[in-house]
Amino acid sequence: MDFIRPFFEGKNRFTQTLFLLLFVVAGAIVFTALGQLIVSGIYHTTNMYEASSPSNYVRITQTFASIGMFLIPALMFAYCQDKQWWNYNEANRKPHHLLVNAALVLSIVVLPLVAILSQWNEAIPFPEKMATWMHSMEDQSKLVLHLLTVDHSTNTLLLNLFTLALVPAVCEEFMFQGTIQTLITKWSAKPHLAIWITAVIFSAIHLEFYGFIPRMLLGAYLGYLLYWSGSLWLPILAHFLHNALTVLVDYTFQGRGIDLDNMRFSDIHGAMPIIIGCTLVTAMSLVFMWRVQRDIKEGALKKK
């Protein structure tokens, strides 16, 4: 069937964007319905609170929703570009091992920075009606998260690493960095603009506005990882590591009876030296990654 041209050949960016939105809506509807069908078959109810395991009910429905809303539309969009599933989104390339090593370091040192940025973000004043709505969205997210993390067994930890770390990392990176950022970059020919626009969309889509700023910066970081490495697997790895470490920290602290919801990072003994140290290491790591990608482009380092 090589004689059949790619579906998007000759179609402008606006038309492609409309089809991407169509893929997202259709995927969300189909896979959300499929997830509901599966859980209703397993638990014989459409109400998660009536299920024998509400946490697994949520895990199944969230996994199917993520796959349908992000991963499947992104892959369909990529295939419509050039009849390849892994080319448009740059999932057909491996990142340089030096960039992988730097991402491993950054996955640890950015956690305190995210915590303090979240604390500052929460202190931003908003109009009363907007603040009430935003708090309601935050409370819903916390309710679901509490449902998934209330049990401290090893099996629950492994399930949460899959549901809260692996699935979002793969599905969201294929959509946001692999598809939206790539589309905007090709449309505008301005990769930095594309990275930041995508970061704003990435943060806004989570509907957790008291964490908007740190999540936007994380989105920009993931975008630069794709831009520097030329491989979607590096931001996927970084996204997974960040989520997985967050899950592990939450699991460890809650297992010791520490209430993270009412804990402020700035109240921790030695918080300021930690923040300063992590900021310096983060800055040095980002400069290192920028130099590595520059050397790769100039031929001083071989691509691997």
I'd like to know if the side chain of [X] and the backbone of [Y] have a donor-acceptor N/O pair within less than 3.5 Å.
X: Thr61; Y: Gly35; result: no
X: Ser66; Y: Pro168; result: no
X: Ser107; Y: Ala238; result: no
X: Thr63; Y: Arg59; result: yes

Rounding to 0.5 Å, atoms OG1 (Thr252) and NE2 (His152) come to a distance of 9.5 Å
To the nearest 0.5 Å, atom CE of Met76 lies from atom OG1 of Thr179 at 12.0 Å
Does a side chain donor of either [X] or [Y] reach within less than 3.5 Å of an acceptor in the other side chain?
X: Asn12; Y: Thr15; value: yes
X: Thr45; Y: Glu50; value: yes
X: Asp151; Y: Ser153; value: yes
X: Tyr57; Y: Gln62; value: no
X: Glu90; Y: Gln177; value: no

May I ask you to check whether His192 and Tyr224 place their ring centres under 6.0 Å from each other? yes
What I'd like to find out is whether the side chain of [X] reaches to under 4.5 Å of the side chain of [Y], using heavy atoms alone.
X: Phe77; Y: Gln16; answer: yes
X: Ile60; Y: Ile42; answer: yes
X: Val292; Y: Met289; answer: no

Cation over ring face, Lys297 and Tyr227, 6.0 Å, 45°: yes
Contacts of Thr154 meeting side chain to side chain donor-acceptor pair (under 3.5 Å) (sequence neighbours excluded), chain-then-number -> none
Given the options Tyr79, Phe14, Phe7, Phe19 meets ring-ring contact (aromatic ring centres under 6.0 Å, His included) only with Phe7
